[in-house]
Asks: 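Structure below; questions to follow.
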Amino acid sequence: MKDTESPSIVPLGDIAPGSWCEVVELDASSDELFRALLAFGIVVGTAIEVRHVAPLNDPITIALRGFALSLRRSEAAAVRVKLLDEQP
Amino acid sequence: MDNFTPKGDSTLLIALVGNPNSGKTSLFNALTGLRHKVANYPGVTVERREGKVVFADGVAVRLIDLPGVYSLLGMSIDEGVTVSYLTGSPHSVASSGVGEKPYLLLAVVDSCALERGLFLVSALMDLGIPMVVVLTMNELAASRGITIRPALLSRALGIPVFDLSLRNKDHINMFVRELATLTTNLPKLLPVPVGGSAASANNSAVAEVEARYKWAHQITQQVQVFAATEAYRRSLKIDKWCTHPVVGIALFLLIMAGLFQSVFTFATWPMGWIESVIAYIARGAEAVLPGGVIESLVVDGIIGGVGSVVVFVPQIAILFFLLSFLEETGYLTRAAYVMDRVMRPFGLQGRSFIPLLSSFACAIPGILSTRTIGSFSDRMTTILVAPLMSCSARLPVYSVLIGASIPDNYLFGFLSVRGLVLLGLYLLGIVAAAVVALVLRITLFRGAPSLYLMEMPPFRLPTLRVPYLQALERVKVFLRDAGTVILSCSVILWILAYFPSQGDVPTSFAGMLGKLIEPVLAPLGFGWEIAIAIIGSFAAREVFVSTLATVYRLGAEGDDAAVESLTTVLGSRMLDGSFSLATALSLLVFYVFACQCFSTLAVVRRETGSWKWPTVMFIYMTFLAYVAAFATYRLALWSGA
């Protein structure tokens with residue numbers, strides 16, 4: 001029952017650099033990663049901007065809450081987001 | 001029970017807490033001035049960084065600088081130390097004398113990341129410890145278009161907020177005066193708990209974090225205004241270039257090459273100057289002292305020994321200065337970011353990059369800074385290969401041997417052959433590190449987890465003050481070592497080399513010892529003099545140079561003549577055949593791999609809590625050193641060196 005109007009939920013790494021997105025859900029299967037994401041304030045509803053990607057396509061840099069963070073694609077996969085049309 | 005006055009005659013203890021890179025340590029230095037126990041190794045916050053702040057009325061308080069934390073969740077060893085210190089819970093492996101809680105917290109908040117800083121502050125406010133907030137980096141924040149109203153923030157938090165510019169002496173003095181007044185009435189500084197932990201009554205860390213960040217966000221909206229400036233946009237652009245697939249890599253290689261080139265180019269003149277000063281002192285001593293034992297002790301042993309090492313101060317100072325400068329700009333995090341993908345197949349990660357880079361200066365601060373690596377396998381691998389990054393102590397050894405045995409030629413007219421050999425030695429260490437790390441990954445650490453997630457602080461143009469202080473600190477440590485370890489080793493070795501044979505080295509104690517070991521080292525092309533020097537250099541690698549200098553000087557004919565540097569002495573030995581190119585090359589390779597630093601082994605033992613890992617380190621490195629030197633010697637002989 002997919003509403004064709006609303007954007008799909010994708011892993012954070014799928015968002016193109018320069019775009020903003022909002023966290024929809026977090027994968028808590030890795031406790032260590034989950035706590036690290038929490039400590040940096042990545043929770044449901046957080047607005048994230050994808051800044052750029054490293055030369056070998058991994059890791060990626062994101063911006064949120066006034067600071068920047070880099071994380072591997074495998075780590076970003078635990079953050080599922082929906083694309084936003086513009087910066088909130 | 002009154003928790004706010006020190007018991008007995010213990011002085012008040014104040015703790016600095018805050019995010020990493022928030023200017024905490026700079027504040028600590030500004031407040032304590034020279035009155036603090038300097039951790040020997042700059043660039044890392046060791047848990048017991050404690051100092052004294054003295055107020056106008058003469059009252060002194062103790063100030064302790066805690067490792068930076070993003071939250072009280074304890075994500076790494078560093079963070080665990082701070083958490084256990086503040087909460088009194090046995091959270092971490094490190095035993096840092098937990099038990100004495102601070103009477104006052106100085107919560108340091110980076111003005112450029114207010115919301116994140118306030119997240120931590122909310123958790124700190126729930127600890128039940130009197131607290132004030134110190135905002136730092138206000139010039140950087142202003143340049144980026146961030147304006148914060150400290151008075152508003154203070155009202156929102158219910159505790160005093162100070163907006164300090166650390167470069168401003170008046171600010172610091174004013175703050176110290178304020179502190180003096182505040183410490184007389186600590187109960188007033190007890191914050192009203194934010195109550196985030198009420199949410200965790202649902203047993204949910206997530207709910208607690210969400211509540212705290214919501215609180216932090218609300219307050220940030222109230223007290224901060226952000227309007228992106230040209231400088232802000234420029235730093236974003238620089239960031240894009242530094243991480244660009246082509247430009248980023250090219251820039252990285254250029255900067256690394258430039259770093260090491262500068263060390264050698266800029267240091268040449270000061271080194272030459274120091275050499276001539278030492279020669280002058282030696283000549284003076286020769287003229288003044290009666291010949292015989294005393295003269296030999298002073299000129300050959302002390303001046304020759306210590307002097308041959310002190311001459312390297314410029315190189316060490318420049319290397320540490322440049323590394324610190326690079327770190328202050330924020331570039332090193334970009335380098336780690338770029339390097340992560342490359343380092344991963346080897347069981348390392350982006351965060352290993354900075355410790356390994358630091359190890360080119362000295363493995364000890366490098367190993368200490370692996371505390372930020374949360375994953376055990378990543379951290380251990382980094383620690384184990386760190387000594388393969390040729391440290392500054394090896395520089396004297398490399399320089400002397402290369403200067404004596406490699407001709408001063410230039411490829412294509414501008415590439416120094418000597419420089420290339422030196423570069424080759426460094427690369428050899430790096431390649432070996434990659435191989436060893438790979439071996440560890442597929443054997444000991446197969447399948448171990450690794451977390452990368454890393455903050456990227458904004459770029460800034462640093463003052464020259466911090467790198468200058470870092471370099472100064474390190475030079476002081478080096479000279480202190482020269483004054484103690486190297487001096488005593490030089491004297492002891494001189495004694496062993498002079499007696500009982502009145503200066504005839506081959507028949508002295510040292511000579512006999514060297515001859516005893518010679519058979520083991522002969523396959524590597526090492527004679528007994530080198531054997532003595534290698535033994536001596538277990539105390540400190542630089543001692544190799546001073547030992548050899550002493551031994552050869554004692555053995556030189558006509559040593560009333562002008563004092564020559566070890567390079568010259570070795571050079572002439574090469575000409576007369578007593579010191580071959582093959583031996584020189586073999587010796588150089590030996591020093592790339594040999595584990596000859598008891599201090600490093602001691603630090604590894606302290607950081608890992610057992611002798612297991614230092615032993616592993618010593619064994620594998622010694623094995624590598626022997627095999628590689630042997631192979632080099634045979635290859636060199638075979639190809640006609």
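Scope of the values below: all heavy atoms of this structure, side chains included, with no hydrogens, waters or symmetry mates.
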Asks: Highest number of heavy-atom pairs under 4.5 Å with chain B: which of A/Gly66, A/Ser70, A/Pro17?
Replies: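 When all of A/Gly66, A/Ser70, A/Pro17 are compared, A/Ser70 has the most.
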Asks: What part of B/Arg334 gets within 4.5 angstrom of chain A, counting heavy atoms only: side chain, backbone, both, or neither?
Replies: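 For B/Arg334, neither part sits under 4.5 Å from chain A.
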Asks: Heavy atoms, side chains only, cut-off 4.5 Å: are A/Arg65 and B/Phe119 in contact?
Replies: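 They are not in side-chain contact.
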Asks: As an exercise, state the distance from CG of A/Leu69 to CG of B/Leu453, rounded to the nearest 0.5 Å.
Replies: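 Reported value, rounded in 0.5 Å steps: 4.5 Å.
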Asks: Using non-hydrogen atoms only, which part of B/Leu451 is less than 4.5 Å away from chain A: side chain, backbone, both, or neither?
Replies: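 Both the backbone and the side chain of B/Leu451 come within 4.5 Å of chain A.
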Asks: Do any of residues 71-88 of chain A have a heavy atom less than 4.5 Å from a heavy atom of chain B, and if so, which, in residue order?
Replies: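 Hits under 4.5 Å: A/Leu71, A/Arg72, A/Glu75.
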Asks: B/Arg341, B/Lys240, B/His217: which one forms the most heavy-atom pairs within less than 4.5 Å of chain A?
Replies: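 Looking at each option in turn, the highest pair count goes to B/Arg341.
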Asks: For residues 48-61 of chain A, give me every residue with a non-hydrogen atom less than 4.5 Å from any non-hydrogen atom of chain B.
Replies: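 Heavy-atom contacts from residues 48-61 of chain A to chain B are A/Arg51, A/His52, A/Val53, A/Ala54, A/Pro55, A/Leu56, A/Asp58, A/Pro59, A/Ile60, A/Thr61.
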Asks: Contact part of B/Gln224 toward chain A, heavy-atom cut-off under 4.5 Å: side chain, backbone, both or neither?
Replies: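 Looking at B/Gln224, nothing touches chain A.
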Asks: Between A/Gly45, A/Ala36, A/Ala28, which shows the greatest number of heavy-atom pairs under 4.5 Å with chain B?
Replies: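 Most pairs with chain B among the choices: A/Ala36.
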Asks: Answer with side chain, backbone, both or neither: which region of A/Phe34 has an atom nearer than 4.5 Å to a non-hydrogen atom of chain B?
Replies: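 Just the side chain, heavy atoms under 4.5 Å.
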Asks: Pick from B/Asp239, B/Leu120, B/Thr333: which one has the most heavy-atom pairs with chain A under 4.5 Å?
Replies: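 The candidate making the most pairs under 4.5 Å is B/Asp239.
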Asks: Checking A/Leu26 against chain B: side chain, backbone, both or neither under 4.5 Å from a heavy atom?
Replies: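 A/Leu26 has no heavy atom closer than 4.5 Å to chain B.
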Asks: Return the minimal non-hydrogen interatomic distance between A/Leu38 and B/Val209, and the atom names on each side.
Replies: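 A/Leu38 and B/Val209 have their closest heavy atoms at O-CG1, 3.4 Å.
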Asks: Quiz question: by atom type and distance under 3.5 Å, do the side chains of A/Thr46 and B/Tyr213 form a donor-acceptor pair?
Replies: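 No, no side-chain donor-acceptor pair sits under 3.5 Å.
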Asks: Out of curiosity, B/Asn19 CG to A/Phe67 CZ, how far, rounded to the nearest 0.5 Å?
Replies: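 With rounding to 0.5 Å, CG (B/Asn19) is 8.5 Å from CZ (A/Phe67).
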